[in-house]
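Written out below as C-alpha cells is the structure these notes cover.
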Amino acid sequence: MKRIIAALFIASLMIGAAAPVAEAAIDTYQYSYWGDAVPSPNAYKMEQVIYGDNWSSGRLASPMDMFVGKDERIYIADTGNNRIIILNKEFQEELVISKFENEGKEDALNKPEGVFGTNDGLIYVADTLNRRLVVFDTAGKFIRAIVEPKSTLLRPGFQYAPIKVAVDKAKRILVVSRGSYEGMMEFDDEGQFIGFIGTNRVKFSPIDLFWKRISTKAQRQQMEQFIPLEFNNLDLDEDGFIYTSTSEEDSNRPIKRLNPSGADILRSKGYFPPKGDIGTLKTGTNPGSSIFIDVAADQAGMYSALDSKRGRIFTYDKDGNLLYVFGGLGSKQENFRTPSAIEIMDDHILVLDKDNGRLTAFEPTRYGSLIREAVISLYHGKTEQSTAAWEKVLQLNGNVEVAYLGIGKSLLKKGEYHEAMSYFKLGNNREYYSEAFKGYRKSIVLAHFGTIVLVVALAVVLGFALMKWNRRKVNGQHFQEFGIIKNPFYTMMHPFNGFWEMKYEQKGRLKLAFGIVFLLVIFTIIKRQYSGFVVNFNNPSQLNSLNELTFIVLPFVLWCVANWSLTTLMDGEGKFKEIVMATAYAMMPLVIIYLPQTLYSNLITGSESSFYYLLDGVALIWSVWLFFTGTMTVHQYSAGKTVMTMLLTLVVIGIIVFIGVLLFSMLQQMISFAISVYKELSFRL
C-alpha cells in the first residue's frame with residue numbers, strides 16, 4: 001500500500017508538471033490542419049506606396065473606403081479632406097469631387113466614408129455626416145441625393161448614417177448604415193427604400209437569457225438588449241453575390257456571402273472557418289481573434305479579408321481554404337498603422353491606411369502567383385495546368401496542404417485512386433480520401449474477386465466446424481468448469497457468476513489483472529496510431545506511447561485506491577486485491593474490441609464509419625456494466641448503494657488529484673524560495 005500511494009503521489013505531481021509552450025511569432029505563416037502556424041513564403045510584396053504628394057489636390061487624410069472598377073479606375077473616399085479622388089491604374093489623379101452644385105446652390109461632401117462606381121459611369125458616395133447618398137456622373141456632376149427614408153419598416157429612433165454603398169446587377173442600391181443592426185438597407189434604382197437584407201443572427205449568453213426570462217418587466221428594461229451585430233463593409237463579386245464583413249470577436253462567420261435574397265451561402269470546407277487567425281494566437285501583445293473591417297471579392301471564387309487588429313490580409317478560395325496570409329502592423333513601409341479598406345486590381349492588392357494617410361499597392365511574388373494560377377486553373381477545369389502549378393508551389397513550401405488537395409483532385413478525376421489517396425492523406429482531407437479509397441477498394445475487389453470469395457467461404461466453413469466441434473465437446477456436461485485463464489472471458493458474458501467465482505472461489509489472479517491492463521495499454525496505442533485515416537484524428541506529432549500510462553494506468557490506480565478508501569468506510573467487503581482484479585476484469589471488453597476495430601477501420605470509408613463508432617459505444621457500455629456488477633459483487637452492496645459508491649469514488653478521485661496538484665504547487669514554491677535564498681546569500685557573501 002505504501003508503494004501504491006507513493007506511486008499515486010508521484011503521478012499526481014506529474015499532472016501539474018505540464019505547461020503550455022508559447023509559440024514564436026511568425027511574420028508570414030500558414031495554418032496546418034492541426035491549427036499550428038507554420039512558416040510560409042511571402043505571397044505578396046510591396047510594390048509602391050502612394051501618399052498623394054504628386055497630386056494637384058494634395059495628400060490623403062484619413063481615407064476610409066476604396067473601390068476599383070472594371071476599367072481599373074480607383075475610387076478613394078478621402079474622408080479627412082471631405083472629397084472623392086478618382087485615379088487611373090497608374091495611380092495618377094483624374095478627378096476630384098468635393099464641392100458641387102445642388103439645385104443651383106453650392107453643396108459639399110462632409111466626411112464621406114464610402115464610394116462605389118457602376119459600369120455605366122455613375123459614382124455613388126456615402127456622404128456620412130450629411131446623412132445621405134450622393135450620385136454623380138462620370139465627370140463628377142451632381143445627379144441626385146438619396147436622403148433619409150421614411151418607412152414603417154424603420155424602428156423608432158433610427159438614424160440614417162450611410163458608411164458603405166454598392167449597386168448590384170439588378171441596380172439595387174445596398175447601403176451599410178452605422179447603427180443599423182437590422183441588416184443592409186436596400187433601395188431601388190429610383191432611390192426608394194425597399195427594406196433590409198441579410199440580418200445577422202443574434203448572439204447572446206444562455207445565462208443572460210435565463211436571467212432575462214425570470215426577471216420582472218422593470219428589470220428586463222434595464223438589461224442589455226440582445227440585438228444583431230451590424231455590418232461594417234460589403235463588396236460584390238463577379239457573379240453578383242454580396243460579400244459582407246462584421247466586426248465580431250470570436251465569430252466563426254465574420255464573413256458572409258449573400259445571395260440576392262439575403263441568405264448566406266459562403267462555403268466553409270476548409271480546416272477552419274474563414275475567420276482569420278484561429279485559437280493558436282492567444283498570447284503576445286495583441287491577443288484574440290481577428291477583426292475584419294473589409295472584404296474584397298477576387299476572381300475564381302477567391303476573396304481577401306482585412307484584419308484591423310493585426311493588419312493581416314487573409315485570402316481564401318471558394319471552399320474557404322486559407323491560401324496565404326501577409327501584411328501586419330508596424331513602422332515598416334510595407335506595414336500599416338490603421339488599415340481601413342482593401343481592394344483587388346487584377347492580381348494586385350491595394351490597401352488604404354487611415355492613420356498613415358496612404359495607399360499601398362502589393363504585387364504577388366512567384367509563390368503567390370503560382371497559388372493564384374493553380375486555383376484559377378482548377379476553377380476553369382484546367383486540371384493539368386493546376387496540378388503543374390501546385391507541384392511548383394510545393395517545391396517552395398511543403399506546408400501548403402491545400403496544394404496536396406489540388407493535386408489529389410486532379411488524380412481522382414483521372415481514376416488514379418491510390419495516388420490520389422496519398423495526396424488527400426497529406427492534405428488531411430477525409431472526404432476526398434474516402435471517395436478515392438472507395439474507387440481503389442472497388443478496383444482491388446474486381447481484380448481479386450475469386451480469391452476473396454474463396455477465403456470468405458473457407459472462413460465460414462472453418463467457423464461452422466469449430467462451433468460444431470465445441471458443441472459436441474460440451475454435450476452432456478451439466479456443469480462446465482472454467483479455469484483461471486478463462487475466468488475474465490467468462491466474467492464478460494456472466495458477470496455475476498464470474499465475479500463471484502473470482503472472489504469466493506479464488507479464480508482471480510493479480511498477474512492476470514495486470515496483464516489485462518498491459519494489453520489495454522498496448523491495444524490503445526495501436527488503435528490511436530494505426531486506425532484508418534478516415535476515423536483517426538490524432539496528431540502524429542503529439543502521439544506519445546508513454547502518455548497512455550497517464551490515461552489508462554493512472555485512472556486505474558486512482559479508481560482502485562479511491563474505491564478501497566471509500567468502501568472501507570461504507571462496510572464494503574471487498575479487499576484491495578479484489579478491487580484491483582474486478583476493475584481490471586471490467587476492462588476486458590475494451591481489450592477484446594479494440595484490435596478488430598482497428599483492423600476494420602482500415603477497410604471503410606467515411607460514410608461507413610458508423611459501425612466503428614458503434615463498437616466504441618458498445619465497449620464503453622459493456623465495461624461500465626461490468627464495473628457496476630463487479631463493485632456490487634465484490635462489496636456485496638445493493639444496486640442503489642453500488643451506484644452511489646461509484647459516484648462517490650469519482651468525487652474522491654477528484655479530491656486526490658486536487659491535493660496532488662496543490663502539493664506540487666507548494667513544492668514548487670518551496671523550491672523557488674530556497675533557490676532565491678541561496679542566490680541572495682551567494683550574492684551577499
Side-chain angles (χ1 to χ4, degrees), residues 64-65 67 77 79 84 100 102-103 105 107-118 120 122-137 142-204 220-221 224-236 240-248 253 256-265 293-295:
M64 291 294 292
D65 195 27
F67 174 77
T79 307
I84 302 296
F100 51 91
N102 180 4
E103 297 181 354
K105 299 180 181 179
D107 202 346
L109 300 174
N110 189 2
K111 305 299 180 185
E113 294 186 25
V115 63
F116 186 87
T118 63
D120 53 5
L122 296 180
I123 304 170
Y124 288 77
V125 178
D127 193 8
T128 305
L129 291 191
N130 282 328
R131 302 185 182 280
R132 64 183 179 179
L133 289 180
V134 186
V135 186
F136 302 93
D137 64 11
F142 173 80
I143 296 179
R144 59 176 171 154
I146 302 175
V147 296
E148 182 172 357
K150 303 297 181 182
S151 173
T152 56
L153 298 175
L154 299 174
R155 56 183 160 82
F158 177 83
Q159 293 186 346
Y160 181 59
I163 56 174
K164 307 297 175 187
V165 60
V167 182
D168 66 7
K169 292 182 178 181
K171 295 186 178 181
R172 295 185 306 169
I173 304 170
L174 305 170
V175 177
V176 175
S177 178
R178 181 172 287 121
S180 175
Y181 55 77
E182 295 90 347
M184 288 179 293
M185 302 182 71
E186 181 183 357
F187 298 81
D188 62 18
D189 58 346
E190 298 296 328
Q192 296 296 318
F193 177 65
I194 301 174
F196 294 96
I197 182 174
T199 307
N200 284 313
R201 290 186 177 183
V202 178
K203 286 196 69 175
F204 57 87
R220 285 197 297 268
Q221 290 177 350
E224 183 179 353
Q225 292 184 339
F226 299 142
I227 58 175
L229 290 174
E230 59 188 275
F231 294 115
N232 59 17
N233 224 316
L234 78 163
D235 194 26
L236 299 175
F241 293 98
I242 311 164
Y243 281 90
T244 65
S245 58
T246 306
S247 298
E248 182 179 2
R253 306 290 289 188
K256 293 179 175 62
R257 187 185 187 220
L258 307 179
N259 61 16
S261 64
D264 183 15
I265 59 171
I293 56 166
D294 197 6
V295 58

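Every residue two or more places apart in sequence or in another chain that forms a salt bridge (Lys or Arg N to Asp or Glu O under 4.0 Å) with R178 is listed here: E113. In this view, F100 and F136, F142 satisfy the ring-ring contact (aromatic ring centres under 6.0 Å, His included) rule, not counting sequence neighbours. Residues satisfying the salt bridge (Lys or Arg N to Asp or Glu O under 4.0 Å) test with D168, not counting sequence neighbours, are R172. Scanning for side chain to side chain donor-acceptor pair (under 3.5 Å) contacts around T79 gives an empty result, with sequence neighbours left out. Every residue two or more places apart in sequence or in another chain that forms a salt bridge (Lys or Arg N to Asp or Glu O under 4.0 Å) with D127 is listed here: R132. Applying the salt bridge (Lys or Arg N to Asp or Glu O under 4.0 Å) rule to R253 yields the partners D264; only residues at least two apart in sequence or on another chain are considered. Residues satisfying the side chain to side chain donor-acceptor pair (under 3.5 Å) criterion with T128, sequence neighbours excluded, are absent altogether. Residues meeting the side chain to side chain donor-acceptor pair (under 3.5 Å) test with D294, sequence neighbours left out: N233. In terms of the ring-ring contact (aromatic ring centres under 6.0 Å, His included) criterion, Y124 has no residue partners (sequence neighbours excluded). Take T246 and apply the side chain to side chain contact (heavy atoms under 4.5 Å, CB included) test, not counting sequence neighbours, and it matches N200, L229, F231, E248. With sequence neighbours excluded, no residue forms a ring-ring contact (aromatic ring centres under 6.0 Å, His included) with F241.
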Ignoring hydrogens and angles, write down the donor-acceptor pairs under 3.5 Å from the side chains of residues 187-195, residues two or more places apart or on other chains.
unit_1 : atom_1 : unit_2 : atom_2 : d
D188   : OD1    : E190   : N      : 2.9
D188   : OD1    : G191   : N      : 2.9
D188   : OD1    : Q192   : N      : 2.7

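Side-chain atoms of S177 never come within 3.5 Å of backbone atoms of S180 as a donor-acceptor pair (strictly under, hydrogens ignored). Put simply, the side chain of N110 never gets that close to the backbone of R131: no donor and acceptor are under 3.5 Å apart.
The two residues P112 and A77 have their closest heavy-atom pair at O-CB, 3.8 Å. Residue L234 comes nearest to A166 through the heavy atom pair CD1-CB, 3.8 Å, listed as atom of the first residue, atom of the second, then distance. Looking at every heavy atom in both residues, I163 comes nearest to N232 through CD1-O, 4.3 Å.
Looking at L258 and M184, their side chains come closer than 4.5 Å, going by heavy atoms from C-beta outward. Within the 4.5 Å cutoff, side-chain heavy atoms of K164 are placed close to those of D65. Within the 4.5 Å cutoff, no side-chain heavy atoms of V165 are placed close to those of V115. Within the 4.5 Å cutoff, side-chain heavy atoms of L174 are placed close to those of E186. Counting heavy atoms from C-beta on, the side chains of I84 and L109 come closer than 4.5 Å. In this structure, I242 and L236 have side chains that are in contact, with non-hydrogen atoms separated by less than 4.5 Å. Residues E230 and S247 fail the side-chain proximity criterion, which asks for heavy atoms closer than 4.5 Å.
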Verify side chain to side chain contact (heavy atoms under 4.5 Å, CB included) between F116 and V167, making sure each step is shown before the conclusion. CA-CA 8 Å; F116 186 87; V167 182; 3.9 Å; yes
Take F158 and L153 through the side chain to side chain contact (heavy atoms under 4.5 Å, CB included) test and state the conclusion after the steps. CA-CA 10 Å; F158 177 83; L153 298 175; over 6 Å; no
Test log, rule side chain to side chain contact (heavy atoms under 4.5 Å, CB included), inputs L154 and F196: CA-CA 9 Å; L154 299 174; F196 294 96; 3.5 Å; yes
Run the numbers on V135 and I123 for side chain to side chain contact (heavy atoms under 4.5 Å, CB included), then give the verdict. CA-CA 6 Å; V135 186; I123 304 170; over 6 Å; no
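A distance of 9.5 Å separates CG of D235 from OG of S245, quoted to the nearest 0.5 Å. E148 CD to N130 CG: the interatomic distance, rounded to the nearest 0.5 Å, is 12.5 Å. Here CG of L122 is found 8.0 Å from NZ of K171. Values are rounded to the nearest 0.5 Å.
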